4 protein chains.
Amino acid sequence: MTKEPKRKSIGATRNPASAEAILTAAEQVLIEKGYRGFTIDEVARRAKAGKPTIYKWWPNKAVLLLDVYLRQKSIIFQNTGKFEDDLVAFINAILTNWRETPSGQIFRSIIAEAQSDETSRAAVTKFATDRQAETSFLILQGLKRGEVCASVDPIGVARWIGAYLWYQLLTDRLSLTTDELRNDVEILLAGLANKPPS
Amino acid sequence: MTKEPKRKSIGATRNPASAEAILTAAEQVLIEKGYRGFTIDEVARRAKAGKPTIYKWWPNKAVLLLDVYLRQKSIIFQNTGKFEDDLVAFINAILTNWRETPSGQIFRSIIAEAQSDETSRAAVTKFATDRQAETSFLILQGLKRGEVCASVDPIGVARWIGAYLWYQLLTDRLSLTTDELRNDVEILLAGLANKPPS
Amino acid sequence: MTKEPKRKSIGATRNPASAEAILTAAEQVLIEKGYRGFTIDEVARRAKAGKPTIYKWWPNKAVLLLDVYLRQKSIIFQNTGKFEDDLVAFINAILTNWRETPSGQIFRSIIAEAQSDETSRAAVTKFATDRQAETSFLILQGLKRGEVCASVDPIGVARWIGAYLWYQLLTDRLSLTTDELRNDVEILLAGLANKPPS
Amino acid sequence: MTKEPKRKSIGATRNPASAEAILTAAEQVLIEKGYRGFTIDEVARRAKAGKPTIYKWWPNKAVLLLDVYLRQKSIIFQNTGKFEDDLVAFINAILTNWRETPSGQIFRSIIAEAQSDETSRAAVTKFATDRQAETSFLILQGLKRGEVCASVDPIGVARWIGAYLWYQLLTDRLSLTTDELRNDVEILLAGLANKPPS
DNA sequence: GGGTAATCGAGACGGTACGTCGTGTCTTTCC
DNA sequence: GGAAAGACACGACGTACCGTCTCGATTACCC
């Protein structure tokens, strides 16, 4: 076993190794013990870091959580040529990612944390809004191809999709079959309203 | 100052006065100090109740929160004769209630709490499912009147609506104008898909 | 398994079966869990008695403890014809009894309990004084036989012996060999003072 | 009123000011409220210290009590030239100290506490043994001067004296006159046995 | 190239909440 | 009216975490 050299200060500048160790430890703790066990003490212990070091760079737990979440790999848009398939693939990718990687647990924790603290909530809300903008690209894609009704507001739709995703996450419904998912998407696509046969 | 008689046991049976005092205190604490300050200790202090009494009847914090939430007045369905108006009124009533009464803060806390604990989450998920069943009455109403497409799954729609409501709550978007809300509802009603002019 | 009939009230008079059950339960609890685990709750549970019943008849824990102690069998004086042997046998009988029956544990608890409470201490002190009077019979026996110096105060000696016994109990020295004990007794008998050869 | 600066950590090392404050508070609580009121909570409150700080350095209540006891001033041996006088003075000094300072109350509590817990009892027994060793110096002093019989075991005698002291403390007999005390000591010095005139 | 100045680990500190247990009082219901 | 049953207000238990602090060591930067 190689003698692991103790990590020390590297002088009057931030030690990236520490930051890295802290984020990794935070992620591990979150996976292993969940949000309940996600304490600064435990992260510091795991990272072999001092608590003040953590507090210095991540003043809130929410900020640290967001940083951990952002280190996760992001979703890549599909372009199959058919809007419905793209949308289903997109949602499915996110749900699968949440289900099969720590991301789901992490994001759940972020949302929980944000409910206790005004500024955290603002940060998460901003994050959500940014994601809506990204999602709206997908809508615009469909709109450009004439598959989406021109009168539709892309951001508004992105909000519906974001809402759907959060709800699935928060109510433990990440394990849908593709058919179930396609059914749900179908509702959004076709709309509720009874269209009179023209 | 009138000497307030201390609340005592009323024998080997649950004292409703205590339950009442605890729920009231819990609500007050939640309003005044938020979820962060919502501790069993504080509730017990405020209610002049023993902590064991609280733990006896509400094993989880989530359960207590749900009980507090359920004491709030509930939403009554509208029936204006037009499905879209009913739906908008329904959503608006909930959002307004969340915005203008403690209910919003309380329910936010419930969702947060549920993310820390498996059993709490199950309880909240069950609650959500029950509400979807209620909401689906609205859909069925519209369906009976022929305003809703017959092929639509009422529970599935109720889920979309629930998702929308939670999302608005969790991302601090409770103060929509009626027009904004109507726009959002419109998307769900009309659907995204471009309907070719037949 | 015979269906054990639940013990009920026998009307407006003290139920001796309850008293018996409580004392027995108290003794068992003390043996099994020690003084720390000796709680009224536990005794009530074990005796299948209501707590108020216990409090009614034994207002203090110390009183209950004393009652339990007094149910134990008492020591019988020896009379071997030689004072030293009688004394050693007497002390040894008590130490053995304390070591091999619950009595030691019980009496230890009584002493501990008595230190917290003024009236309990008075009760125990009275008990100790009574025992000294009994012990002094032994001294008088020796005195009558001319083995004990006539100028000696029997009660004073009984006090020394009581002190010795308590000390052995409280400092976990109940397992002396007879020789060790005889040595200790020898000191008391012969005295410290250097007797000049007359 | 001068704004008292809050006591803080002084880094990763024990803060003596805290230790001091805790011991002082513990002593005060014991004096004012007795052993019944001597709770870690109360000590922490009084010392303005956190409970974990107390538990960190004093794992048992008995250990804390012993530390409090040891802060009291100790007894100084006399050397009057006469063994009996030295012994009487020694015992009297201890009894007086127990009677007139908090030491008596404190030591009583220590003994009581030790009866509940095995490890505490071991600590107290060790303390008692150490004191016996000290006391035996007094015996050796007398032995050296030829006042004490050479065949006597000093530790054995010290044990008798320790027993006597504890017994007086535990049975509320701290207020003896010098004559009463001298009588008791006389018994130990002269011994019980009837010495036949040679 | 020597003296700041900032960073690091470590961990103690005053607090506060946790969830459990025991206390002694009370009331209801049954005998 | 005694006894069971058990709920109640209270408060201590011992533990965990919070966010702050002080320390001594360890560089990087600036004069």
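In what follows, chains are A, B, ... by sequence order, proteins preceding strands, each numbered from 1. Keep in mind the model is a prediction, meaning the values are calculated, not measured.
- Checking the phosphate oxygens (OP1, OP2) of F:dA7, no side-chain nitrogen or oxygen of B:T53 falls inside 4.0 Å.
- The separation between C:N60 atom CG and E:dT23 atom C1' is 13 Å, rounded to whole Å.
- Between D:I54 atom CD1 and F:dC13 atom C1' the separation is 13 Å, expressed in whole Å.
- From C:Q28, atom CD reaches atom CZ of C:F38 across 12.0 Å, with rounding to the nearest 0.5 Å.
- Whole-Å rounding puts the A:I22 CD1 to E:dT7 P distance at 13 Å.
- For C:Y55, the side-chain atoms get nearest to E:dT25 when compared with the rest of F:dC13, E:dT25, E:dG9.
- Heavy-atom distances to DNA chain E give each of A:K56 and D:A19 a nearest nucleotide, and the one nearer the 5′ end belongs to A:K56.
- Residues passing the side-chain contact (heavy atoms from CB on, under 4.5 Å) test with C:E42 are C:V29, C:K33, C:T39, C:R45, C:R46, sequence neighbours excluded.
- Considering only residues two or more places apart in sequence or on other chains, C:F127 meets the ring-ring contact (aromatic ring centres under 6.0 Å, His included) condition with C:Y69, C:F107.
- At a threshold of 4.0 angstrom between heavy atoms, the contacts of B:K51 include nucleobase atoms, whether or not backbone atoms are also involved.
- Spacing between atom CD of B:E20 and atom C1' of F:dC8 amounts to 17 Å, rounded to whole angstrom units.
- Note that CD1 of B:I22 is 10.5 Å distant from CG of B:D67, once rounded to the nearest 0.5 Å.
- Contact between the side-chain N/O atoms of D:W57 and the OP1/OP2 oxygens of E:dA12 is not found at any separation under 4.0 Å.
- Taking the ring centre of D:W58 as origin, the terminal cationic atom of D:R14 falls inside the region bounded by 6.0 Å and 45° from the ring axis.
- Residue D:K48 contributes atom NZ, which lies 10 Å from atom P of E:dT16 at whole-angstrom precision.
- The side chain of A:K61 lies closest to F:dC18, out of F:dC18, E:dG15, E:dC8.
- Distance from the side chain of C:P52 is smallest for E:dC26 among the nucleotides E:dC26, F:dA3, F:dC10.
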Show your reasoning for whether salt bridge (Lys or Arg N to Asp or Glu O under 4.0 Å) applies to C:R36 and D:E113.
CA-CA 10 Å; C:R36 263 287 158 76; D:E113 177 65 24; 3.0 Å; yes
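- Spacing between atom CG of D:N15 and atom P of F:dC23 amounts to 10 Å, rounded to whole angstrom units.
- Between A:L64 atom CG and F:dC18 atom P there is a gap of 11 Å when expressed in whole angstrom units.
- Less than 4.0 Å separates DNA chain F from no heavy atom of any residue of residues 33-45 of chain C.
- Note that CG of C:L66 and CD1 of C:I110 are 4.5 Å apart. Values are rounded to the nearest 0.5 Å.
- Between F:dA7 and B:S18, no contact under 4.0 Å exists linking OP1 or OP2 to a side-chain N or O.
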